[in-house]
S.K.: 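Before anything else, here's the structure in question.
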2 protein chains.
Amino acid sequence: MTDPQARFEQLIAKLRTSEYRLTPQRVELIRLIATSDGHPSASELYSQIRIQFPTMSLATVYKTLDLLKELGEVLEIGLRDDSHYDGNKPYPHPHLICMKCRKIMDGELELAVKNIVQEVEQSFGFQILKHQLDFYGLCPDCQKKKK
Amino acid sequence: MTDPQARFEQLIAKLRTSEYRLTPQRVELIRLIATSDGHPSASELYSQIRIQFPTMSLATVYKTLDLLKELGEVLEIGLRDDSHYDGNKPYPHPHLICMKCRKIMDGELELAVKNIVQEVEQSFGFQILKHQLDFYGLCPDCQKKKK
DNA sequence: CTAACTGCAAAAACTTTGCACTTTT
DNA sequence: AAAAGTGCAAAGTTTTTGCAGTTAG
């Protein structure tokens, strides 16, 4: 995992070199998404930002997320209900979603993913460009509580 | 792949034994979803059904799909844009989605999936109950056309 | 006959868009 | 000063819901 502060500065630098403007709203959203170790949704980010910027609109949150998506610095995870965003690992990777507490964990499974992608390409002649691998179930904590 | 006619009769039988009513609208939707070898969306099913039942409403399509989902006879595939439904293999399995022609193929990868699920469970202590594995890329046909 | 189902229309939930105003550079 | 970004409100999508009328069993 990257250092949040370093990630924040990296994102700011990217916007600067890409000649995008650094508005306070953008900087704050970037700070949040770089600091967050989870997978916030647009409305979660919105609520957080409104603490510092009461005038911030949801539209701006989406516009900024779109911008970061275009830059390849944020990954959108589209679940059944609503989308969540990962600004720390902006490349496809598996997610483990707890069906009880709704927590989203990252699956560190590089080798296994590489293998299954390779198998898909070989078996079906598909050229895989990206993927979304979501595993739903019970996280360790919720399994304990259940007993 | 199951025989469409057999699958249709199987679904009808399930509704009958579950004491759900066999309305013409339901029977037609079931016929479509059993016959379809693809992964129709709600609105695609709606358009199809309106050929036979011009008064059919989208609400009824969704209500019927919900019913079939509850019965475990239809799998919902929630993509970024809209959901598609599979009435022939109503259990989680990988999908290969062509980013050019939007075609959805089934990935027959039982062993590979079993392995990766097992690895997730072991590595993270997660108890996996279901999954959604989507691979996006170019299908063989679109790769050829590209050249 | 009655409980279940349909269709309509309205609502819900999330995201996008247009435009006047404001701010970064 | 000019271009870019913000905020508001309206519109767009897909799915859900409530209810009066209709129909399968």
Side-chain angles (χ1 to χ4, degrees), chain A residues 11-33 39-71 73-85 102, chain B residues 11-33 39-71 74-85 102 104:
Chain A
L11 285 173
I12 295 294
K14 177 124 183 194
L15 280 220
R16 206 187 301 272
T17 59
S18 311
E19 308 218 289
Y20 287 105
R21 294 191 178 169
L22 290 170
T23 64
Q25 292 92 328
R26 267 186 194 170
V27 173
E28 177 64 8
L29 189 145
I30 288 169
R31 200 187 59 71
L32 281 176
I33 216 162
H39 304 75
S41 65
S43 65
E44 280 162 7
L45 290 165
Y46 176 58
S47 313
Q48 276 300 305
I49 294 179
R50 287 194 72 118
I51 298 170
Q52 310 277 338
F53 295 86
T55 69
M56 180 80 166
S57 73
L58 198 45
T60 301
V61 173
Y62 280 111
K63 283 168 185 165
T64 308
L65 287 173
D66 281 350
L67 170 60
L68 293 170
K69 274 192 281 175
E70 262 173 51
L71 291 174
E73 295 296 343
V74 140
L75 176 73
E76 182 171 11
I77 309 160
L79 268 28
R80 184 60 66 294
D81 24 16
D82 58 332
S83 283
H84 292 245
Y85 300 86
R102 299 267 95 197
Chain B
L11 285 172
I12 295 294
K14 178 123 180 195
L15 280 219
R16 207 188 298 276
T17 59
S18 311
E19 308 218 289
Y20 287 104
R21 294 194 179 167
L22 291 170
T23 65
Q25 292 92 330
R26 268 186 194 168
V27 173
E28 178 64 7
L29 190 145
I30 289 168
R31 198 187 62 71
L32 281 176
I33 216 162
H39 304 74
S41 66
S43 65
E44 280 162 7
L45 290 166
Y46 176 57
S47 314
Q48 276 299 306
I49 293 181
R50 287 192 73 119
I51 299 170
Q52 310 279 336
F53 295 87
T55 68
M56 181 79 166
S57 71
L58 199 45
T60 301
V61 173
Y62 279 111
K63 284 168 185 166
T64 308
L65 287 172
D66 281 350
L67 171 60
L68 292 170
K69 276 193 278 173
E70 262 173 52
L71 291 173
V74 141
L75 177 74
E76 183 172 10
I77 309 159
L79 269 28
R80 184 64 65 293
D81 25 14
D82 59 332
S83 283
H84 292 245
Y85 300 86
R102 299 266 94 199
I104 303 173

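Here is the naming used below: chain letters follow the sequence lines, and residue numbers restart at 1 for every chain.
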S.K.: Round to the nearest Å and state the distance from B:Leu15 atom CG to D:dG25 atom C1'.
M.R.: 14 Å

S.K.: Write down the distance between OH (B:Tyr20) and C1' (D:dT23), rounded to a whole number of angstrom.
M.R.: 18 Å

S.K.: Nearest to the A:Lys63 side chain among D:dA24, C:dG18, D:dG5, which nucleotide is it?
M.R.: C:dG18

S.K.: Tell me the interatomic distance from A:Leu29, atom CG, to D:dG5, atom P, rounded to whole angstroms.
M.R.: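 The answer, rounded to whole Å, is 14 Å.
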
S.K.: At 4.0 Å (heavy atoms only), tell me whether B:Pro54 reaches a base, stays on the sugar-phosphate, or touches nothing.
M.R.: nothing

S.K.: I'd like to know if the side chain of A:Ser83 pairs up with that of A:Glu76 as donor and acceptor (distance under 3.5 Å, no hydrogens or angles considered).
M.R.: yes

S.K.: Which distance, rounded to the nearest 0.5 Å, do you find between the CG of A:Leu11 and the CD1 of A:Ile33?
M.R.: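 Between atom CG of A:Leu11 and atom CD1 of A:Ile33 there are 8.5 Å.
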
S.K.: Counting heavy atoms from C-beta on, name the nucleotide in D:dA3, C:dC14, D:dT6 closest to the side chain of A:Thr23.
M.R.: D:dT6

S.K.: Whole angstroms only, please: what is the CG-C1' distance between A:Leu79 and C:dC14?
M.R.: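 The answer, rounded to whole Å, is 14 Å.
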
S.K.: Of the candidate nucleotides C:dT24, D:dT6, D:dA24, which contains the atom at the shortest distance from the side chain of B:Pro24?
M.R.: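 Ranking C:dT24, D:dT6, D:dA24 by closest atom to the B:Pro24 side chain puts D:dA24 first.
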
S.K.: Does B:Ser57 place a side-chain N or O at less than 4.0 Å from the phosphate oxygens OP1/OP2 of C:dC8?
M.R.: no

S.K.: Taking atom C1' of D:dT6 as reference, at what distance in whole Å does atom OH of A:Tyr46 sit?
M.R.: 12 Å

S.K.: Do you know which two heavy atoms are closest between A:Arg26 and A:Tyr20, and how far apart they sit?
M.R.: NH1-CB, 3.8 Å

S.K.: Hey, could you give me the CG/CD1 distance between A:Leu15 and A:Ile30, rounded to the nearest 0.5 Å?
M.R.: 4.0 Å

S.K.: Side chain of B:Ala59, heavy atoms from C-beta onward: which of C:dT24, D:dC8, C:dA9 has the nearest atom to it?
M.R.: C:dA9

S.K.: Is it true that A:Lys69 and A:Asp66 make a salt bridge, defined as a side-chain N closer than 4.0 Å to a carboxylate O?
M.R.: yes

S.K.: So if I take every side-chain heavy atom of B:Thr55 and compare against C:dG7, D:dC8, C:dC5, which nucleotide ends up nearest?
M.R.: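 Among C:dG7, D:dC8, C:dC5, the one nearest the side chain of B:Thr55 is C:dG7.
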
S.K.: Which is true for B:Ser43 with a 4.0 Å heavy-atom rule: it touches a base, it touches only sugar-phosphate, or it touches nothing?
M.R.: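 B:Ser43: no heavy atom of the nucleic acid under 4.0 Å.
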
S.K.: Is A:Leu58 touching bases, backbone alone, or none of the nucleic acid, heavy atoms closer than 4.0 Å?
M.R.: base

S.K.: I want to check one thing: is the phosphate of D:dT23, taken as OP1 and OP2, less than 4.0 Å away from some side-chain N or O of B:Arg21?
M.R.: no

S.K.: In terms of the nearest nucleotide of DNA chain D, which residue is placed more toward the 5' end: A:Leu67 or A:Arg50?
M.R.: A:Leu67

S.K.: Could you give the CZ-to-P distance, from B:Phe53 to C:dT6, as a whole number of Å?
M.R.: 11 Å

S.K.: Does A:Gln25 make a side-chain N or O approach to OP1 or OP2 of C:dT23 shorter than 4.0 Å?
M.R.: no

S.K.: Measure from CG on B:Leu65 to P on C:dC5 and round the result to the nearest Å.
M.R.: 15 Å

S.K.: C:dT22 P sits how many Å from A:Leu22 CG, rounded?
M.R.: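 Answer to the nearest Å: 22 Å.
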
